[in-house]
Colleague: 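Take a look at the following structure, please.
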Amino acid sequence: MNRQRVQSALLPVVAVLVAFLIGAIVVLADGKSPVRAAEAVIKGSMANRAAIGATLEKATPLILTGLAVIVGMKAGLFNIGAQGQLLLGSIMSAYVGYRLTVLPTVVHLPLALLAGVAFGAVPAFVVGVLKAYRGVHEVIATIMMNTILVNLTDWLAGGPWMQPDQAISKTPPIQASAEIPKVADLPVGFFLAVVMAFVVWFLLSRTTLGFELGTVGANRDAAHYAGMSVKGITVLAMTLSGALAGLGGAIETQGVVGRFEPGFNRGLGFDGITIALLAKVSPRAAIPAALLIGALRASSTQLQSIAQVAPEIVDVILAVALLLVAAPMIIRWALRLRNASGVEGVNLNTGWGS
Amino acid sequence: MGIVNALRRLSPDSRNTLVAVLTGLVAAYIAYGIWDFKATAVLGFMVRYSTPLALAAMCGILCERSGVVNIGIEGQMLVGAFVAFFGATWAGIVFGVVAGVVVGALLGAFLAVCAVSWRINQIIAGTVINILAAGVTSFFYRQGRTMKGSMPTWEIPLLKDIPLLGKVFFQNQPLTYLTFAIVIVLQVMLFRTPWGLRTRAVGEHPSAADTVGVNVSLYRYGNVAAGGALAGLAGALLSVEATGTFERGMTSGRGFLALAIMIMGRWRPSLAWAAALFFGLLNGLVNQLNFERVIDVPPQFIGMLPDVLTIVVLATFAGRVRAPAASGQPYTKE
Amino acid sequence: MVSDRIDHDAAAGGTAELLLEARGITKRFPGVVANADVSLQLHRGEILALLGENGAGKSTLVKMLFGLYRPDEGEIRIKGEPVTLRSPKDAISRGIGMVHQHFQLVPVMTVAENVVLGAEPCRGRFIDQRRAAAEVRKLSERYGLAVDPAATVEDLPVGTQQRVEIIKALFRGAEILILDEPTAVLTPQETDELLQIMRELAARGVGIIFITHKLREVMAVADRVEVLRGGRVVGSAVPSRTDEAGLASMMVGRTVVLRVDKTPAQPGAVMLRVRALQVDDDRHQRAVRGLDLEVRAGEIVGVAGVQGNGQRELVEAICGMRPIRSGTVEVDGRDTTSMNAKAVNGLGVAHIPEDREKHGLVGSYTIADDLVLNRFDEEPFARHGLRDFTAIDKQAEQLVQRFDVRTPSIHTETNALSGGNKQKVIVARELSYDAKLVVAAQPTRGVDVGSIEFIHRQLVAERDRGAAVLVVSAELDEILGLSDRVAVMSEGRIVAMLPIEEADRDRIGLLMAGGA
């Protein structure tokens, strides 16, 4: 039992190491030096306090989108739409942040965060309803929603909410009263995300609501038998998931960017999927997974300047790691591990109907 | 009288299709009679927009009819577009297209390995393909390359002179014609040949197929790889034929749109093609209206139109249509 | 029925050609020996019955004969020639056909398509639809198997679907036909028709292996019978030279207790009252059509009927899992017609569901979690939305003890348990809270003999405690053994309600089939 647990925890670690190895080979094939690339990553992500701060900043929204995907997966839903939900949350918190002017910090800051949470939840709620009551598969719906929300936020930031007399479309900067402060270069938002990871963990493993989510995810028919509202839980799980992604967007706006600018946070939602799977759908494990990816993302300028490696190498590495975690038999076979299970407890619905 | 009898013998499906096609034709010619140039432009847009979608939907149909959900069409298309374009810059367009198709087939085979042999959740496997495709194509992307040669436009003698239809359907580029052919061939093969019957049986009730000696895994491998090849071709069409270039993320969600079209077309090649044309037509109309300033809509709203449409279509259809019963289910022999 | 048995003894006596022979077949699965040194012979024109209980190894044996499994030891010979059957394809090409217990038909395809699948007649590259239909018609006429080649399979009644399966095998040139529990889903009348078809096939030279655990059918149709128990052949017999009791004791290895030990019922107040109930099935067809039923405290009412006559929908409607179209359900005087499963359960209705893997359990949960599956949010298992794991574990320890669930720990995944133990987990959960009404659907399906007796005793104990018990079962013996009153269900209605003293098998059989 214990041995099994160790092996199963080892799997993502091995997957990441193998992914780095393959990344190094790709860099080499591209005619660049893997050693310089590694140096760049270390310099960019942990060499000094500023670099560590940058890593934490990058990791913050990733923890939250990772949690968003995890909450969905527990209920058997695959939320690929964390990206769009994060965008909407982000722009709404920016709007509340710049538009309201006379509020004290204690009111303004949480209010803007709340706007992000609420508007992250809205599109996810719609997807949940479509799934539960119209049989629309959430993967398709969330992807469509992503495009819709990218366009919508683009339009808002370049139209009605655009900062006047600016060439690029972006909203005005938020008021100081809505900003999340930094303490000694370390972003406070990160600690908020860590707290959320524990909150989600507690919710899923200790509460009756978490039990309902898990039952619907593991066996919808049994959930129906046990008198749970499968449709209600589906909508709720999707909404919660969107709220977490929206919170990620809000923290990004209020703690890092200071306004909404189209295109500045592409890809955060998709990294959430990688994090959820690397963390094996465990909320607390999302923290180290997000830190790893945050570190890689934080060093993208250094990768370019020190090693002349395109920062997209990070995507390649992550895709390989994801593949290895999703297909544990590869590593199991390579290491002769027994019973190192992959992403257990994930039972995503692969049908189109309801 | 003979015609009436022939009509009566048709299945309800074919009859409805026939009625829809005839109505569409009449409407198109009325429009053509009033605004000849604009009608031609809208229908031309329709065909250009729908062709890669139709091809990608064929990929979805092949996979799902044999029981595998392919959510990785997007990624397979993207890699197909990438390989085809850079293949074409290196050794010409024919090489590029072939390379795109081959790589698409390999990605299809990879999905088959994941779904059939490793029994990974198929949604996750497809997502891995999408993420991998986005990462690899961005990493290896190089700016400023040009293709050796470009796709010709072939005019079909006689047919090209038909008013409206000739211009819309018979003055196209090679891969567009190839798509027309693939749709028709697939429709016939799926419903008239032993391969088609077995494929459908594998997707509906794999153990029934297995017990009469049909190799379920083999059919799934073959069809999912072939589907991948079609997705690769769709990508090649996009980069080498339609735009003559490659950009990062250039498929922009078409792979997912194709799945909606597949559902709307009830997993039938011809109906899916019709659904793709319908999508193309609506987008063409909105574009034209916007172009002429009849309506004034910000470009972002034009950009989200296909997605809004897809959601509406799925909300209307998804609960009602009947997917292949074993789609998405790994098959375990007893 | 014994009287219309056709005497094939002469044919079986060794003069007819030996079609199939198995010698010393052994098959092991991790932890069990499914077949140990099994030998049998099948001659042309012979009907051989394989008799045995669930888990006796009958299915494993025929799966080896059909190439679905490979034997670990032993030899299979067809017409004297040793063969290795690697797949069903091998078996088919050697003239073996099998009708599986769960039909292997594609519901959305036509009869003809199903028959020719995998061996399609072609004209050029295309399937010759006309020839396919003609072949089906030819076979159906030759063997008296009436079917329409153009009909869609899902629209056909079960008995007809089974005929399609037989035609499918014959189309592939089967000389050896294996029928796996073919009568489990049939009405007594359909069963008679099937037995007639089997005789017809045998008369035309087909050898038939017929798996069953129903003695009457063996007596009616078989030329010879091999009895399996615990994976071994424990006896061979010629039905005309033995009797049911002899076969039965061979099958179970001891004298069978046909009735469950219990005192006469002492019915009290009406606990369940169903009036003019109408319920739809999953395909939106009306399945329960104006059904009336009453169950009193302190009695067991058994619902007998052929599967698919609305029993499942009735149970789900009573337990709040399925919307009710019209009519009413009352539990202990409270109208529960529009209540959901949770509310109904809260009123004290225990539900042992028909499909334990699908509805009754979450396989990936621990036994402790599955034991509170439908009461996870009630005290003492949860307070203010927080789960109390101490209380959950304590209850699990108690129930595992009391209901004799064989498991290494209460934190073991339920998936890891055997079928009988999984069923005990469900029974333990549902009988742990002194319900007013116990609804048990197929409570012993696929469960070992020991567990069956245990579960039956528990249900009787519930009755004696004063609960109303409603048992739905496809096993007539179970109904007759447990019930105080028998309700016969057919086409969505209760067509008769008989006190147990008046419930005789033949009468119920006729009623089940919709007869007067």
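Nothing here was measured: the structure is a model prediction, and the numbers come from that model. Order of the sequence lines fixes the chain letters, A, B, ..., with proteins taken first and strands second; residue numbering starts at 1 for each chain.
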Colleague: Could you grab the distance from atom OG1 of B/Thr211 to atom NZ of C/Lys168, nearest 0.5 Å is fine?
Modeller: 5.0 Å

Colleague: In Å and rounded to the nearest 0.5 Å, what is the NE2 to OG distance from C/His102 to B/Ser207?
Modeller: 9.5 Å

Colleague: Strictly less than 4.5 Å between heavy atoms, which residues of residues 219-234 of chain B line up against chain C? Please order them by number.
Modeller: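 The list, in residue order, is empty: none.
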
Colleague: Among residues 105-135 of chain C, which ones touch chain B with a heavy-atom distance under 4.5 Å?
Modeller: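 So the qualifying residues are C/Leu105, C/Val106, C/Pro107, C/Val108, C/Met109, C/Glu113, C/Val116, C/Leu117, C/Gly118, C/Ala119, C/Glu120, C/Cys122, C/Arg125, C/Phe126, C/Ile127, C/Gln129.
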
Colleague: Identify, with sequence neighbours excluded, every residue that meets salt bridge (charged side-chain N to carboxylate O under 4.0 Å, His left out) alongside C/Glu357.
Modeller: C/Lys422

Colleague: Check whether C/Phe66 gets within reach of chain B through its side chain, its backbone, both or neither, counting any heavy atom under 4.5 Å.
Modeller: side chain

Colleague: Just to verify, what does C/Arg163 make a salt bridge (charged side-chain N to carboxylate O under 4.0 Å, His left out) with, not counting sequence neighbours?
Modeller: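 Here the qualifying residues are C/Glu193.
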
Colleague: Which atoms of B/Val212 are under 4.5 Å from chain C, going by heavy atoms: the side chain, the backbone, both sets, or neither?
Modeller: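 When you check distances to chain C, atoms from both the backbone and side chain of B/Val212 fall under 4.5 Å.
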
